[in-house]
Student: 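There's a structure below that I have some questions on.
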Protein chains: 2
Amino acid sequence: MTKIDIISDAALKNGIRQFLETAPDIYMAGVSVDTVIFGFHHDKLKVLLLRFGNTPYFVLPGGYIKKEEDLDDAALRILQERTELQNIYLEQFYTSGNISRSNEKVAVELAFKMIGTIPNSNWFGQRFVSVCYYALVDDTKVNPVTEAFFTEVKWFDINKLPRVLYDHDNIIQKALKRLQADLDEKLAAFNLLGETFTMLELQKLYESVYQKKLVRTNFQRKMLSLGVLERLEKQYNGKSHKAPYLYRFAQTV
Amino acid sequence: MTKIDIISDAALKNGIRQFLETAPDIYMAGVSVDTVIFGFHHDKLKVLLLRFGNTPYFVLPGGYIKKEEDLDDAALRILQERTELQNIYLEQFYTSGNISRSNEKVAVELAFKMIGTIPNSNWFGQRFVSVCYYALVDDTKVNPVTEAFFTEVKWFDINKLPRVLYDHDNIIQKALKRLQADLDEKLAAFNLLGETFTMLELQKLYESVYQKKLVRTNFQRKMLSLGVLERLEKQYNGKSHKAPYLYRFAQTV
DNA sequence: ATCTATTGTATCAAAATGATACAATAATGC
DNA sequence: GCATTATTGTATCATTTTGATACAATAGAT
């Protein structure tokens, strides 16, 4: 569900002010977490992005690490805050730490402009090394939540991304590359689908991840040979052709 | 060459004192870099480790990131400081950031004991998130260099590692797993060998990385089919059997 | 009843992999 | 010298995997 959630200007400014006052006491300085949340709907691979304030720019869902919190726990917490999901498939794939993370200064200036004053905390101005995770979610179960400086939560087609801040475009591409590598090896695909699915849906998912067409009959043969699919009753979908079987992912049958 | 370099107690204490005085001004707090340096000799895969002070514990070569330095540049600098090599094959593979990075407190206590006093800087006591890289080097060209708190630089067989501090054992195993994945895909193996090598040497390298025996004839067929090996003159090695060819790695012939 | 689009399965060729055989070579021992 | 031994380079065959195509079954549209 491409739920869109817009918050008011006043609430936005207030949220930022509050964050800046408490952040240095709560979080590690210098290290952040960014997550590339993948979803799949309408046969397309999607990424969840946040609109940065009232600007036309988007960013990856991210956050900071509490001073007494494990890195992986931080990633999970940030993800849960944003999607309200439990049991999320999460993989760390890259850490971004170049000084010039593209247009970072633009972002900081925008942040300042948004709250209409120079904050006494220099939190955003400091250098961050960002540890990046990707997550695979069943988008039908996601309930996107906005917070602090973000005015909108939106799914974007991986091939139709908006303008993003920092080096987040680079991070998204690296996430996709890693997902491609993990899809077969870790049977990761099924985290992007619902409980049941047709073979065609599964194929469209693979095609959208690998960004290329696959041969239907050979794909079907390969998936069935994995031995992890349980075949359920046929799905009569009202289309004018043979009805497909439904499948369920059944690890270690 | 398993060069061993031992420095004096006085020089050691002095090095630590000096480091602690200047570190907070020079380096980012909270973020460190660790490198798993792989080498290959006597048909074994090796890892370069540093002896921590006068203790029996070893650690990975690591360091900190200068305030105005890119993350990748920091990894390269740390590696060059330790090996005096240029053009090193380097891959970032993991970032370790759990609060309880195993026996960290032991290490800190040891560090304090070594310099015989509580340092005014709490540098070592702070929490670090460590970005980990692995490097592939031709060990015949490495000139291991000791520094600061380390009293010895030594190559260890991947299967005969000493006791290591922090979570460095975990990091080494993760590095090996990643190397296994990269070996074929990125033709990474040749960075571990000298300019020329025999097919058997190459096979022993693959076997030591994958930790399993390979069938000689099929391995040879596969390597030759890659199209990246240039066959040179035979190597008369004085052994009582047919002399093998030498090969050179020739990318994009 | 026929047409159309899609699904499930079968089949054949081509490529990759696994297993084995064997001739060539270079020192060793007689 | 000459057979012996260990290793190397290549060939060959069977098996498995992959790519490409054919075709019957189905379910609604006409």
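Chain A is the first sequence line, chain B the second, and so forth, proteins listed ahead of strands; every chain is numbered from 1. Reckoned from all heavy atoms, side chains included, excluding hydrogens, waters and symmetry mates.
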Student: Enumerate the salt bridge (Lys or Arg N to Asp or Glu O under 4.0 Å) contacts for residues 232-250 of chain A, please, sequence neighbours excluded, ordered by first and then second residue.
Tutor: A/Glu195-A/Arg248, A/Glu230-A/Arg248
Student: Please tell me which of the listed nucleotides, C/dT7, D/dT8, D/dT21, lies nearest to the side chain of A/Pro244?
Tutor: C/dT7
Student: Rounded to whole angstrom units, what separation is found between the CE atom of B/Met223 and the P atom of D/dG9?
Tutor: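 Rounding to the nearest Å, CE of B/Met223 and P of D/dG9 are 15 Å apart.
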Student: May I ask you to check whether A/Phe128 and A/Tyr166 place their ring centers less than 6.0 Å from one another?
Tutor: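 Between A/Tyr166 and A/Phe128, which both carry aromatic rings, the centre distance is not below 6.0 Å.
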Student: Taking NZ from B/Lys222 and P from D/dT10, how many angstroms apart are they, rounded to a whole number?
Tutor: 19 Å
Student: For the pair made of CZ in A/Phe197 and P in C/dT7, what is the distance, rounded to whole Å?
Tutor: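 It works out to 15 Å between those atoms.
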Student: On DNA chain D, check which nucleotide each of A/Arg216 and B/Arg216 is closest to and give me the residue with the more 5' one.
Tutor: B/Arg216
Student: For DNA chain D, what dot-bracket results from Watson-Crick or G-U pairs at under 3.5 Å, with [ ] for crossers and | for inter-strand partners?
Tutor: ||||||||||||||||||||||||||||||
Student: Just checking, A/Arg231 and A/Tyr245: is the charged tip under 6.0 Å from the six-membered ring centre and within 45° of the axis?
Tutor: yes
Student: Can you tell whether the side chains of B/Arg77 and B/Glu69 come within less than 4.0 Å, N to carboxylate O?
Tutor: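 Yes, charged N to carboxylate O under 4.0 Å.
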Student: On DNA chain C, does the nearest nucleotide to B/His241 precede the nearest nucleotide to A/Leu224 from the 5' side, or the other way round? Give the residue.
Tutor: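 This one resolves to A/Leu224.
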Student: Between A/Lys239 and B/Thr198, which has a closest nucleotide on DNA chain D that is more 5'?
Tutor: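 Its nucleotide being nearer the 5' end, the pick is B/Thr198.
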Student: Rounded to the nearest Å, what distance is computed from the CG atom of residue A/Asp184 to the C1' atom of nucleotide D/dT18?
Tutor: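 Distance, rounded to whole Å: 14 Å.
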Student: Would you indicate what A/Thr217 reaches in the nucleic acid, counting non-hydrogen atoms under 4.0 angstrom: base, sugar-phosphate, or nothing?
Tutor: base
Student: Once hydrogens and angles are ignored, does a donor-acceptor distance under 3.5 Å link the base of C/dT7 to the side chain of A/Lys242?
Tutor: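 Answer is yes: a donor-acceptor pair is held.
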Student: Is A/Arg231 close enough to C/dT9 that one of its side-chain N or O atoms is under 4.0 Å from OP1 or OP2 there?
Tutor: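 The answer is yes; a side-chain N or O of A/Arg231 sits under 4.0 Å from OP1 or OP2.
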Student: Identify which one of B/Lys186, B/Lys174, B/Arg178 satisfies the salt bridge (Lys or Arg N to Asp or Glu O under 4.0 Å) criterion when paired with B/Glu91.
Tutor: B/Lys186
Student: To the nearest Å, how far apart are B/Leu226 CG and C/dA16 P?
Tutor: 12 Å
Student: Once hydrogens and angles are ignored, does a donor-acceptor distance under 3.5 Å link the base of D/dG9 to the side chain of B/Arg221?
Tutor: no
Student: For the pair made of CG in B/Asn218 and C1' in D/dA11, what is the distance, rounded to whole Å?
Tutor: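 About 12 Å, once rounded to whole Å.
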Student: Round to the nearest Å and state the distance from A/Gln220 atom CD to D/dA20 atom P.
Tutor: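 The answer, rounded to whole Å, is 17 Å.
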Student: Could you state the CG-P distance from A/Leu214 to D/dA20, rounded to the nearest angstrom?
Tutor: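 Taking atom P of D/dA20 as the reference, CG of A/Leu214 is at 11 Å.
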Student: Once the angle between the rings of B/Tyr134 and B/Phe38 is folded into 0 to 90°, is it parallel (under 30°), tilted (30 to 60°) or perpendicular (over 60°)?
Tutor: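 Rings of B/Tyr134 and B/Phe38: perpendicular, as their planes differ by over 60°.
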Student: Between A/Lys141 and A/Glu84, is there a side-chain N and carboxylate O pair less than 4.0 Å apart?
Tutor: no
